[in-house]
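Scroll down for the structure; my scribbles are underneath it.
Computed from a predicted structure; not experimentally measured. Each residue takes its place number in the sequence, starting with 1.
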Amino acid sequence: HVRYPQGIKFFGQAAHTGSTPQVLRRDAAIAAARFVSRWADAMDAMGGSAGDDLVYAVPDVRVINPSSTTVAAECLVQPEVRSIDPAILD
């Protein structure tokens, strides 16, 4: 299987959630969520050609130093893909 033990880090810019307009925010958590969604779509598309042998998960999504009043400056995602066939994972 393919695992990303160090994860994939997304970086944004910390800002106050109450006073920073949405259009000016650089939210690492939103970027990570968009990545996971698109990645899952790509895995689903690959899975169709690989039969039932391709499976995937995102067992860990974490905002670093989370705060309800701060736009996320850093987020970590750890995707994982598994298949019995090594050629599928290349």
Side-chain angles (χ1 to χ4, degrees):
H1 69 277
V2 177
R3 179 177 286 164
Y4 299 90
Q6 280 72 36
I8 300 169
K9 287 187 178 180
F10 293 82
F11 296 95
Q13 183 175 357
H16 193 279
T17 56
S19 61
T20 305
Q22 201 67 38
V23 70
L24 297 179
R25 295 180 184 195
R26 294 178 53 214
D27 191 321
I30 297 294
R34 288 181 177 146
F35 166 80
V36 168
S37 178
R38 291 176 181 148
W39 181 77
D41 289 345
M43 292 296 103
D44 287 342
M46 285 179 60
S49 63
D52 293 332
D53 186 42
L54 179 76
V55 294
Y56 63 90
V58 182
D60 192 5
V61 177
R62 185 178 340 157
V63 172
I64 309 303
N65 298 320
S67 168
S68 61
T69 60
T70 305
V71 173
E74 187 176 348
C75 188
L76 177 71
V77 175
Q78 290 183 290
E80 178 177 285
V81 183
R82 294 174 185 237
S83 176
I84 296 170
D85 183 355
I88 291 172
L89 300 176
D90 284 343

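- Under the 4.5 Å side-chain heavy-atom criterion for Ile, Leu, Val, Met, Phe, Trp and Tyr, M43 and V58 are members of the same hydrophobic cluster.
- Contact detail for A72 and D27: the closest heavy-atom pair is CB-OD1, 3.6 Å.
- Identified under the salt bridge (Lys or Arg N to Asp or Glu O under 4.0 Å) test for residues 14-24, with sequence neighbours left out: none.
- Here I84 pairs with D53 under the side chain to side chain contact (heavy atoms under 4.5 Å, CB included) rule; sequence neighbours left out.
- Annotation: side chain to side chain contact (heavy atoms under 4.5 Å, CB included) contacts of R25 (sequence neighbours excluded): T17, T20, Q22, V71.
- Nearest heavy-atom pair across G12 and A28 is N-CB, 3.7 Å.
- The minimum heavy-atom distance linking A73 with A14 is given by the pair CB-N, 3.7 Å.
- Evaluation of the salt bridge (Lys or Arg N to Asp or Glu O under 4.0 Å) test over residues 62-79, restricted to residues two or more places apart or in two chains, returns K9-E74, D60-R62.
- Pairs engaging residues 60-90 under the ring pair (Phe, Tyr, Trp, His ring centres under 6.0 Å) rule: none recorded [sequence neighbours left out].
- Crowding of D41 atom CG: a count of heavy atoms from other residues, nucleotides or ligands under 6.0 Å exceeding 12.
- For the ring pair (Phe, Tyr, Trp, His ring centres under 6.0 Å) condition, the pairs that include at least one residue of residues 54-90, sequence neighbours left out, are W39-Y56.
- Both V61 and F10 are part of a single hydrophobic cluster, where members link through side-chain heavy atoms under 4.5 Å apart.
- Transitive grouping of hydrophobic side chains (ILVMFWY, heavy atoms separated by less than 4.5 Å) keeps I8 and L76 in distinct clusters.
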